[in-house]
Amino acid sequence: MKKGSILLFFIMTVCMAMAKSYLVTSPNGRLKAQVEVGKTLSYQLTWDDQLLVSPSTLSLKTEAGHWGVNSRLAQAKKSSHQGSFQAFAYKKAVVTDNYNQLLLRFKDGFSVVFRMYDEGMAYRFISNTQKELKIEDEEVSLHFAKDWDAFIPYVRDSGNREDQLQNSFENTYKHTKLSKLRTDRILFSPFVVEADNGVKVAVAESDVENYPGLFFLGDGQSPSLTGVSAPYPKKQVQGGYHKLQLIAKGREPYLTKSYKGQAFPWRIFCVATEDAQLLDNDMVYRLAAPNRIGDTSWIKPGKVAWEWWNNWGVYNVDFKTGINTETYKYYIDFASRNGIEYVILDEGWAVNLKADLFQIIPEIDLKGIIDYANSKNVGIILWAGYYAFERDMERVCKHFSEMGAKGFKIDFINRDDAASVDFHYRAAAMAAKYKMMVDFHGTYKPTGLNRTYPNVVNFEGVYGLEQNMWATAAKHDQPLYDVTVPFTRMLAGPMDYTQGAMLNGTKKTYHPSDVAPMSQGTRVHQLAEYVIFLSPLNMLCDSPMNYEANPECTEFIAKIPTVWDETIPLKSVIGEYVAVARRHGSTWYVGAITNWTPRDLTLDLAPLKVGGRTATAFVDGVNADKFAQDYKKKTLQIPDNGQLPIHLAPGGGFAMVIR
């Protein structure tokens, strides 16, 4: 052998000796991660020997060094865990927590954890230093094994990268090849990739604290994506919508300043062999930090009579309706009569363009409204712009808590850089201090904050029913979105979608309106969404007048729970139809919806063990294809074998209560 060949062979041998490979599997052995530690740190993911993610590198660039590049491994430790914990205001009462884990500790001041569940893989970096460090960048590379199709939500805001980083996290989903992803527009998670043999891979994140959220960008030619995060803002200035926002101006050359021993966000790959499994995936919730506020007995999820969507739509009364005391007392009376727990005072009760929650318009007697509501056993929730809440957070929470308000709907945040993420944690903690609930509207998708601070009972970051106030049918297909979002965005957590329209349109009859808005799809499609969509603080979007004209539907909505003891997903196909069963106490609720394609389905209710029971069902009427409000309430007998045939009209639905 020549000297050059001997030297090359020696170098290759040394490199192979230096590189180490570790296999970590899920408890059921079907999901496997092969982790390679050498000059770089990488992993690949397989399901039943089907390659899902090809070798993909990960690293964290800090001012102390580039973690994951030429790093020195000190210890590799495998462990297993079996357990469960109680959930709060969630889709089930108890969450299992069974996993196998690989902990890699490096001499360079950090560790990496890979954790394998039967329903997915997650990894995270952990700082082992006692120093605060600037985190300059994170490498999150995703190399999917094939050029599969994916359901992708791009940021809706156009313009340069800075404009895209400040967005509302609301958009529909594009069904596209990974190699065809746009290179001029970042996308947000969760998104779902359709692998071979019916396997789905959903990408998400959890436990994002003191750190920015994660976007992705495709390269336009391969099934590879690169992670993108917003650097820390140089400054934040008041501006944006009605001067209620804080706008990032300029960016620092780092993502965040980490605290000593910080654990960085979990990067999650949820894996399902059937689409329906994504409807019951717990990865984001279980990987979040546990409850930090202790007692949760004062937190009362429920439903909200909401005035903004229906344009304060009260009529046939002897006072001028609008943002005034008389109108809100009417909403309170409506809520009280129907057992609805809350009424919201949405935008308009505080003086416009002031971003000051202590400047209340003269038409509103806020103390009188709150006292009146409390006398009727109805709680008041107050809308607040981001800056109006941030600028005097403790005074706001203390003052309105003492006045008797029950919580805040905080809106127009529209960012997820580390400064904005920090606001969410501070706002949640301060609200909890004064026993106030929070609904984060105009914000990014949940990443487990609702587990860490259970008083955070809802999030927007969803292309909800409000879009029907201005979106034409040509530009927006709401039923298609409705049968896509449960597998994608809802995988991350609760959705403040704001359903409940009593005016309903077919493809031909729907039109946008900001005075008398309607839904796309049938009446029962709207009812079924109260079963399908997870929303612990759930809005009734329509006018009290429309609800009182439809007492059967109103009674169903008013009585349906917003938190659940058990969830069983039924046969579902992403982008086509969704069916879910949820249990509260001894009562089962079943919901199903379809896109604009009519369907005949057979629901397999055998897992519910309800064969032979009597149920009350709302079904699409025989003319619902022409008149979307056509429905029928009927009594059904569940077959002994649990196989229940149903018909869904175009944009239709099915909703059932089994007591």
Side-chain angles (χ1 to χ4, degrees), residues 18-20 22 35-43 55-77 101-115 122-143 161-162 165 186 189 203 205-217 225-235 248 250-268 287-289 415-425 444 447-448:
M18 290 175 59
K20 295 183 181 297
Y22 301 93
V35 181
E36 301 288 337
V37 183
K39 287 187 175 182
T40 60
L41 179 61
S42 69
Y43 67 92
S56 300
T57 53
L58 56 147
S59 66
L60 202 64
K61 190 176 181 180
T62 80
E63 63 177 322
H66 200 162
W67 296 348
V69 176
N70 293 318
S71 300
R72 300 164 297 164
L73 183 65
Q75 181 187 33
K77 181 181 179 181
Q101 179 173 287
L102 171 66
L103 171 64
L104 301 173
R105 187 173 63 83
F106 292 85
K107 299 175 183 178
D108 310 84
F110 74 99
S111 296
V112 179
V113 178
F114 287 86
R115 192 173 285 184
Y123 74 81
R124 79 187 316 177
F125 283 86
I126 300 173
S127 171
N128 295 335
T129 72
Q130 295 303 303
K131 298 179 181 178
E132 297 180 350
L133 294 174
K134 288 181 181 177
I135 307 301
E136 298 171 357
D137 199 8
E138 179 180 2
E139 177 190 17
V140 181
S141 64
L142 303 183
H143 302 302
R161 179 61 55 80
E162 179 57 35
L165 289 172
I186 56 176
S189 67
V203 178
E205 60 181 334
S206 183
D207 205 16
V208 180
E209 182 175 5
N210 189 37
Y211 206 81
L214 186 63
F215 298 91
F216 288 92
L217 186 66
L225 295 87
T226 301
V228 177
S229 293
Y232 202 88
K234 284 185 180 293
K235 61 179 180 178
R251 297 287 181 177
E252 300 286 0
Y254 56 85
L255 302 180
T256 191
K257 293 180 180 178
S258 72
Y259 52 79
K260 58 185 180 182
Q262 178 169 339
F264 298 96
W266 288 104
R267 307 309 183 197
I268 301 174
L287 288 168
R415 289 167 37 211
D416 72 344
D417 53 45
S420 175
V421 168
D422 177 63
F423 164 76
H424 286 73
Y425 278 81
Y444 58 91
T447 59

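Below, each value reflects all heavy atoms present in this structure, side chains not excepted, and no hydrogens, waters or symmetry copies. Positions are given from 1, in the same order as the sequence printed here. Quick caveat, the model's predicted, so the values are computed rather than measured.
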Stepwise side-chain contact (heavy atoms from CB on, under 4.5 Å) check, Ile268 with Leu287: CA-CA 9 Å; Ile268 301 174; Leu287 288 168; 3.8 Å; yes
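- With a 4.5 Å cut-off on side-chain heavy atoms, Lys39 and Asn70 count as touching.
- No donor-acceptor pair closer than 3.5 Å links the side chain of Asp207 to the backbone N or O of Ala288.
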Taking it one step at a time, do Val208 and Trp266 satisfy side-chain contact (heavy atoms from CB on, under 4.5 Å)? CA-CA 8 Å; Val208 180; Trp266 288 104; over 6 Å; no
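- Contact annotation: the side chain of Leu217 never approaches that of Leu225 to less than 4.5 Å [non-hydrogen atoms, C-beta and beyond].
- To the nearest 0.5 Å, atom CD1 of residue Ile135 and atom OH of residue Tyr232 are 13.5 Å apart.
- The two residues Val421 and Glu209 make their nearest non-hydrogen contact at CG1-CA, 4.2 Å.
- To the nearest 0.5 Å, atom OH of residue Tyr259 and atom CG of residue Asn210 are 6.0 Å apart.
- Remark: side-chain polar atoms of Ser141 are paired, donor with acceptor, to backbone N or O of Thr57 under 3.5 angstrom.
- Among all heavy-atom pairs drawn from Phe106 and Val112, the shortest one is CE1-CG2, 4.4 Å.
- Interatomic distance, CG of Leu41 versus NZ of Lys20, reported as 14.0 Å (0.5 Å rounding).
- Using a 4.5 Å heavy-atom cutoff, the side chains of Asp416 and Phe215 are in contact.
- Not one N or O on the side chain of Arg267 forms a donor-acceptor pair closer than 3.5 Å with the backbone of Tyr123.
- Within a 6.0 Å radius of NZ in Lys234, more than 12 heavy atoms belonging to other residues, nucleotides or ligands are found.
- A donor-acceptor contact shorter than 3.5 Å links the side chain of Ser229 to the backbone of Gly213.
- For the atom pair NZ (Lys107) and CG (Leu73), the distance works out to 8.5 Å, reported to the nearest 0.5 Å.
- Residues Trp67 and Ser127 are in side-chain contact: their nearest non-hydrogen atoms beyond the backbone lie under 4.5 Å apart.
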Working for side-chain contact (heavy atoms from CB on, under 4.5 Å), residues Arg115 and Gln101: CA-CA 4 Å; Arg115 192 173 285 184; Gln101 179 173 287; 2.8 Å; yes
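- The two residues Ala248 and Glu162 come nearest to each other via the heavy atoms O-OE2, 3.9 Å.
- A donor-acceptor pair under 3.5 Å is formed between the side chain of Arg124 and the backbone N or O of Phe264.
- Using a 4.5 Å cut-off on side-chain heavy atoms (C-beta onward), Phe110 and Thr129 make no contact.
- Under the 3.5 Å distance criterion, with hydrogens and angles disregarded, no donor-acceptor pair is assigned to the side chains of Ser42 and Thr40.
- Without hydrogens or angle criteria, Glu139 side chain to Leu60 main chain gives no donor-acceptor distance under 3.5 Å.
- A donor-acceptor pair under 3.5 Å is formed between the side chain of Glu63 and the backbone N or O of Lys134.
- With a 4.5 Å cut-off on side-chain heavy atoms, Leu102 and Lys77 do not count as touching.
- In terms of modelled atom types and a separation under 3.5 Å, the side chain of His66 and the main chain of Thr62 share no donor-acceptor contact.
- Formation of a donor-acceptor pair under 3.5 Å by the Asp417 side chain with backbone atoms of Pro231 is not found in this model.
- The shortest distance between side-chain heavy atoms of Tyr43 and Glu36 does not fall below 4.5 Å.
- Side chains of Ser59 and Glu138: a donor-acceptor N/O pair is absent below 3.5 angstrom, by distance only.
- Thr226 contributes atom OG1, which lies 12.5 Å from atom CD1 of Ile186 (distance to the nearest 0.5 angstrom).
- In this structure, Ser56 contributes its side chain and His143 its backbone to a donor-acceptor pair below 3.5 Å.
- Residue Gly261 comes nearest to Ile126 through the heavy atom pair O-CG2, 4.4 Å, listed as atom of the first residue, atom of the second, then distance.
- Inter-residue side-chain proximity for Leu214 and Val228 is flagged as unmet; no heavy-atom pair is nearer than 4.5 Å.
- In this structure, the separation between OG1 on Thr256 and CD on Glu132 is 10.0 Å, given to the nearest 0.5 Å.
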